[in-house]
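Structure first, commentary second.
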Number of protein chains: 2
Amino acid sequence: MPRPRTPLLSRDRIRDAALDLIDRDGLPALSMRRLAQTLGVQAASLYTHVATKDDVLDAVANRLIAQVDTSGFATGWRDGLLTWARSYHAALAAHPNAVPLIATGTQRRDEFLGMANAVHGGLVRAGWPARRATEISGAVKYLVIGAASTPFASGFADDVQVYLDRYPHLTQAHRLRADAARIDRDSFELGLQALVRGLEPGPSARAETP
Amino acid sequence: MPRPRTPLLSRDRIRDAALDLIDRDGLPALSMRRLAQTLGVQAASLYTHVATKDDVLDAVANRLIAQVDTSGFATGWRDGLLTWARSYHAALAAHPNAVPLIATGTQRRDEFLGMANAVHGGLVRAGWPARRATEISGAVKYLVIGAASTPFASGFADDVQVYLDRYPHLTQAHRLRADAARIDRDSFELGLQALVRGLEPGPSARAETP
DNA sequence: ACCTGAACACCGTTCAAGT
DNA sequence: ACCTGAACACCGTTCAAGT
């Protein structure tokens with residue numbers, strides 16, 4: 001095929017096709033050859049637009065992080081943390097197969113830094129000391145990343161048995177899966193609220209610690 | 001080389017060599033061929049003792065989980081949770097390159113179920129309702145997994161700048177790394193203690209909720 | 001500038017063959 | 001039973017060649 005008048009590919013098209021493939025078939029199924037195939041080109045063609053496979057994965061990760069909402073810090077640090085954590089959690093839960101990209105990847109990407117700055121700044125403006133703000137951001141992020149990383153995270157045998165007893169019919173398997181998703185969400189919410197509650201009474205009462 | 005009188009390989013030797021390789025060169029560097037090379041055999045020989053590469057990774061994951069301490073529940077649910085979370089965190093922090101195996105892997109492995117049963121049982125014996133016990137176990141596990149997944153998890157630009165300012169000399173780079181590790185640990189501890197504190201006053205006060 | 005086809009150095013896994 | 005050597009169907013990436 002000769003060079004088309006309008007390019008077949010673009011960095012964004014490659015990035016979006018990669019996320020589709022990851023969502024559909026899982027992260028291990030993403031290869032440059034398979035990705036090229038879904039775009040109707042040869043694998044080598046991708047390298048006109050992206051540097052490496054890792055470059056593609058970085059673009060996918062940034063696309064997910066771009067959806068995270070840090071506007072809640074305008075209302076206060078509690079609201080900021082809750083809004084941030086919930087939108088972060090939702091962005092990852094919408095693409096469970098892509099979570100390892102965010103969990104283990106290097107955090108030096110543009111969108112990551114923007115998000116981190118917004119959170120850290122929001123906490124410091126609310127009166128938390130910088131070091132403490134770092135720790136709080138880290139702890140909440142741990143919760144989000146952990147919750148997104150382990151599907152049906154609990155996986156506790158006793159509990160599984162409870163659900164198997166409740167849904168003995170194979171045709172109900174989709175309900176079991178829906179219930180597992182709800183447990184994951186409830187566990188995350190419980191942890192988030194408990195953590196924020198455990199940070200009370202807030203920065204003002206600790207102001208004497210520089 | 002003919003068949004030796006004592007086998008060159010065993011499942012345990014393969015598992016330990018795999019963990020060594022992961023610790024040294026990272027998870028992506030682990031291939032069946034490289035693994036075989038460190039053991040002085042051909043790649044095909046490994047398949048006498050293990051079914052697949054995933055089988056090897058499962059064995060590595062189980063080895064890490066086996067070190068987790070759930071004995072603290074004998075003292076009470078707070079002590080149980082803290083001991084469990086800290087020993088789990090320590091087991092993963094000792095092998096950061098292997099963390100993705102635990103974070104994303106299927107949780108159907110023997111050691112995982114044993115650990116999960118101990119934690120869930122400890123919480124239920126302390127009076128927490130089963131559903132709530134599942135959520136609490138899940139939330140604490142999220143914190144552990146998240147903390148282990150993201151090295152220098154905070155990665156917040158402001159904070160990095162603080163450290164770059166404090167350690168402007170390249171020769172101090174190892175101190176920067178040590179400080180980053182301490183921040184990770186402090187963030188995890190802050191989150192853990194805040195979460196457990198946020199669970200007060202404990203199960204007795206909620207006993208009316210079945 | 002953009003895409004192709006072939007090539008290179010890798011993978012995980014299988015299997016007949018040797019002892 | 002245990003290990004080898006060769007093979008199969010894959011990888012990521014490079015590069016000369018075409019338009």
Side-chain angles (χ1 to χ4, degrees), chain A residues 1-62 97-98 100-101 104-106 109, chain B residues 1-62 97-98 100-101 104-106 109:
Chain A
M1 183 192 282
R3 173 154 84 108
R5 50 176 60 97
T6 56
L8 295 172
L9 298 176
S10 74
R11 194 180 160 79
D12 284 359
R13 258 174 60 71
I14 292 172
R15 179 249 279 148
D16 292 346
L19 182 54
D20 283 348
L21 195 49
I22 291 168
D23 284 343
R24 202 180 329 117
D25 298 333
L27 196 53
L30 176 69
S31 74
M32 295 301 270
R33 289 166 206 262
R34 288 240 300 154
L35 179 55
Q37 198 180 339
T38 72
L39 289 162
V41 298
Q42 297 299 315
S45 311
L46 299 173
Y47 290 87
T48 306
H49 305 270
V50 297
T52 61
K53 182 180 180 181
D54 273 341
D55 190 22
V56 177
L57 299 179
D58 272 17
V60 171
N62 271 330
N97 291 343
L101 301 180
T104 317
T106 68
R109 301 177 253 248
Chain B
M1 183 192 282
R3 174 154 82 107
R5 49 177 61 99
T6 55
L8 293 172
L9 299 176
S10 74
R11 194 180 160 78
D12 284 359
R13 257 173 62 72
I14 292 171
R15 178 248 280 147
D16 292 346
L19 181 54
D20 283 348
L21 196 48
I22 291 168
D23 284 343
R24 202 181 328 120
D25 298 334
L27 196 52
L30 177 68
S31 74
M32 295 299 269
R33 290 166 205 264
R34 288 241 298 154
L35 179 55
Q37 198 179 340
T38 71
L39 288 161
V41 299
Q42 297 298 315
S45 310
L46 300 172
Y47 290 86
T48 306
H49 303 271
V50 297
T52 62
K53 182 182 179 178
D54 273 341
D55 190 23
V56 176
L57 299 179
D58 272 17
V60 171
N62 271 329
N97 291 343
L101 301 180
T104 317
T106 69
R109 300 177 252 248

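Lettering of chains follows the sequences in order, A, B, ..., and the numbering in each one begins at 1. As a basis for the values below, the full set of heavy atoms in this structure was taken, side chains included, without hydrogen atoms, waters or symmetry mates. Source: prediction; values computed, not measured.
Atom pair Gln37(B):CD and dG5(D):P shows a separation of 14 Å (rounding to whole Å applied). Leu46(B) places its CG atom 14 Å from the C1' atom of dC11(C), with the value rounded to the nearest Å. Remark: C1' of dC3(C) and CD1 of Ile14(A) are 12 Å apart, rounded to the nearest angstrom. As a whole-Å value, the separation of Gln42(A) CD from dC10(D) P is 15 Å. Look at CZ on Arg33(A): it is 13 Å from P on dA6(C), rounded to the nearest Å. Rounded to an integer number of Å, the gap from CG of Leu9(B) to C1' of dT4(D) is 12 Å. Following rounding to the nearest Å, Leu27(A) (CG) and dG12(D) (C1') show an atom-to-atom distance of 15 Å. Counting to the nearest Å, the C1' atom of dG12(C) and the CG atom of Leu35(B) are 12 Å from each other.
When the nucleotides dT13(C), dT4(C), dC11(C) are ranked by their closest atom to the side chain of Arg34(B), dC11(C) comes out on top. Closest contact between the side chain of Ala44(A) and the listed nucleotides dA6(C), dG12(D), dG12(C) involves dA6(C).
In terms of heavy atoms, Arg34(B) sits closest to Ala29(B) at NE-O, 3.3 Å.
When each of Val41(B) and Ala29(A) is assigned the nucleotide of DNA chain D with its nearest heavy atom, Val41(B) is the one assigned upstream, toward the 5' end.
Taken from CG in Leu9(A) to OH in Tyr47(A), the straight-line distance is 13.0 Å, to the nearest 0.5 Å. Interatomic distance, Leu27(B) CG to Leu21(B) CG, rounded to the nearest 0.5 Å: 10.0 Å.
Put simply, Ser45(B) has a side-chain N or O that comes within less than 4.0 Å of OP1 or OP2 on dT4(D). Distances shorter than 4.0 Å separate none of the side-chain N or O atoms of His49(B) from OP1 or OP2 on dA1(D).
Residues Arg15(B) and Val50(B) fail the side-chain proximity criterion, which asks for heavy atoms closer than 4.5 Å. Annotation: side chain of Ile22(B) is in contact with side chain of Leu101(B) (closest heavy-atom distance under 4.5 Å).
Ion pairing of Asp16(A) with Arg13(A) is absent here, as no side-chain N (NZ or NE/NH1/NH2) approaches a carboxylate O to less than 4.0 Å.
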Please report the C-alpha distance between Leu46(B) and Leu39(B) in whole Å, then the side-chain angles of each, then the deciding distance to 0.1 Å, and finally whether the side chain to side chain contact (heavy atoms under 4.5 Å, CB included) criterion is met.
-> CA-CA 10 Å; Leu46(B) 300 172; Leu39(B) 288 161; 4.1 Å; yes
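Thr48(A) comes within 4.0 angstrom of a nucleotide base, judged by non-hydrogen atoms across all strands.
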Base-pairing string, 5' to 3', of DNA chain D - Watson-Crick or wobble, under 3.5 Å, | interstrand | ||.|||||...|||||.||
